[in-house]
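Naming: A, B, ... by sequence-line order, numbering from 1 per chain.
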Amino acid sequence: MALPKRIIKETERLVADPAPGISAAPHEDNLRYFDVTIQGPDGSPFQNGVFKLELFLPEEYPMAPPKVRFLTKIYHPNIDKLGRICLDILKDKWSPALQIRTVLLSIQALLSSPNPDDPLAADVAKHYKEDEAAARQVSKEWTERYAT
Amino acid sequence: MKITVKRWHAIAQWQWDTGKTDDNGDAEEDVCGICRIPFEGCCPTCKVPGDDCPLIWGECSHVFHMHCLLKWIGTAASKQQCPMDRRPWGETIAHLSVHTPRNLDRISISSDRREKGRRE
């Protein structure tokens, strides 16, 4: 099936006018599959890290959300061992008015503001709630070890 | 001097009156928020723009290609909410009434449809 115009336009803009700290490039042999990088936001334990993600646009997109997953290991209460992300707009709060760009900006924002009250990685969330300073230190170490 | 018009060639241009943009408006406002195709183009499933691929206005004032919006509302994930503000979707009938056409200079005919612009 031909690639919808919307996806072509989004891709062109992502490449020509990328959001700060974010890159996304489609695979040549599958234009619905993107290699993504997100820079860890300043002031977060992920600062100076570059995180790799994969993003896939399902056939139903934009009526269904993109599927996004971290490929780089990350110590974050809303991201599990498999890189799956707990973010409402990727699930029940999806809207077709959202785009690849807004999704990636939301993920970047999630790195700045972990939400241990809605955890996906239960152990990490527990750590964040019980001793945030120590948990942030682990996030920082993981960033240095895996994301640089 | 007397001039006789032997032949004339009229060119028509139409535009949906979304009530949002002026003629120099922001291009981003002129696209459907779902498919990102200009309102004057048709939705991705249609071949021809115009009355067969109309726009739909929500009570919340947001505008979409009707086909795009209905496709979204038809999904369970939509929860019957507007894609822009997540308020419960309700179609407004305000726009079905006669519009004051803008951009209407020289030649015009009245239209009771949701179009505006120069016409033959």
Side-chain angles (χ1 to χ4, degrees), chain A residues 1-20 22 24-26 31-32 34 55-69 84-107 109-110 115 118, chain B residues 16 18 20-21 26-50 52-92:
Chain A
M1 212 185 121
L3 203 66
K5 209 182 236 174
R6 163 167 166 159
I7 297 180
I8 297 169
K9 282 168 86 171
E10 280 198 61
T11 305
E12 283 171 354
R13 180 142 179 253
L14 280 169
V15 173
D17 176 26
I22 292 174
L31 297 174
R32 288 176 174 271
F34 291 75
L55 181 147
F56 179 71
L57 302 174
E59 190 61 41
E60 305 80 38
Y61 181 83
M63 297 302 163
K67 296 184 192 304
V68 198
R69 193 170 77 90
R84 294 177 299 191
I85 306 161
C86 180
L87 184 63
D88 57 0
I89 60 162
L90 291 175
K91 307 265 161 48
D92 58 314
K93 289 285 168 61
W94 170 251
S95 152
L98 294 165
Q99 308 180 51
I100 299 171
R101 172 185 297 266
T102 45
V103 163
L104 296 179
L105 285 167
S106 297
I107 294 171
L110 185 67
N115 178 13
D118 184 21
Chain B
W16 295 107
T18 57
K20 277 188 179 169
T21 51
D26 180 4
E28 185 68 12
E29 287 290 301
D30 287 338
V31 303
C32 170
I34 297 176
C35 68
R36 304 251 147 212
I37 292 170
F39 287 132
E40 279 67 44
C42 51
C43 82
T45 48
C46 284
K47 296 264 184 278
V48 188
D52 289 338
C53 187
L55 304 188
I56 193 166
W57 280 261
E59 286 164 358
C60 53
S61 85
H62 292 119
V63 189
F64 305 93
H65 287 127
M66 185 182 78
H67 298 147
C68 294
L69 191 276
L70 293 183
K71 196 171 168 193
W72 168 242
I73 292 296
T75 66
S78 76
K79 302 187 205 79
Q80 317 290 306
Q81 292 169 348
C82 171
M84 294 298 190
D85 56 20
R86 298 202 178 96
R87 284 152 72 179
W89 177 262
E91 186 185 357
T92 178

Novice: Could you report the tightest heavy-atom contact between B:Lys79 and A:Asp92, atom names first, then the distance?
Specialist: NZ-O, 2.6 Å
Novice: Please classify the contact between A:Lys93 and chain B as side chain, backbone, both or neither, with a heavy-atom cut-off of under 4.5 Å.
Specialist: both
Novice: Minimum heavy-atom separation for B:Trp72 to A:Trp94, with atom names?
Specialist: CH2-O, 3.5 Å
Novice: Is it true that atom CZ of A:Arg69 has more than 12 heavy atoms of other residues, nucleotides or ligands lying nearer than 6.0 Å?
Specialist: yes
Novice: Work out which heavy atom in A:Leu98 is nearest to a heavy atom in B:Arg86; give both atom names and the distance.
Specialist: CD1-NH2, 4.3 Å
Novice: Which heavy-atom pair separates A:Arg6 from B:Cys35 by the least distance, and what is that distance?
Specialist: CB-O, 3.3 Å
Novice: Kindly give the heavy-atom pair with the smallest separation between A:Lys9 and B:Pro38, and that separation in Å.
Specialist: NZ-CD, 4.3 Å
Novice: For A:Pro96, which of B:Thr75, B:Leu69, B:Ile34 qualifies under side chain to side chain contact (heavy atoms under 4.5 Å, CB included)?
Specialist: B:Ile34
Novice: Are the side chains of B:Lys71 and A:Met63 in touch, meaning some heavy atoms are under 4.5 Å apart?
Specialist: yes
Novice: For atom NZ of A:Lys5, decide whether the heavy atoms of other residues, nucleotides or ligands shown that lie under 6.0 angstrom number more than 12.
Specialist: no
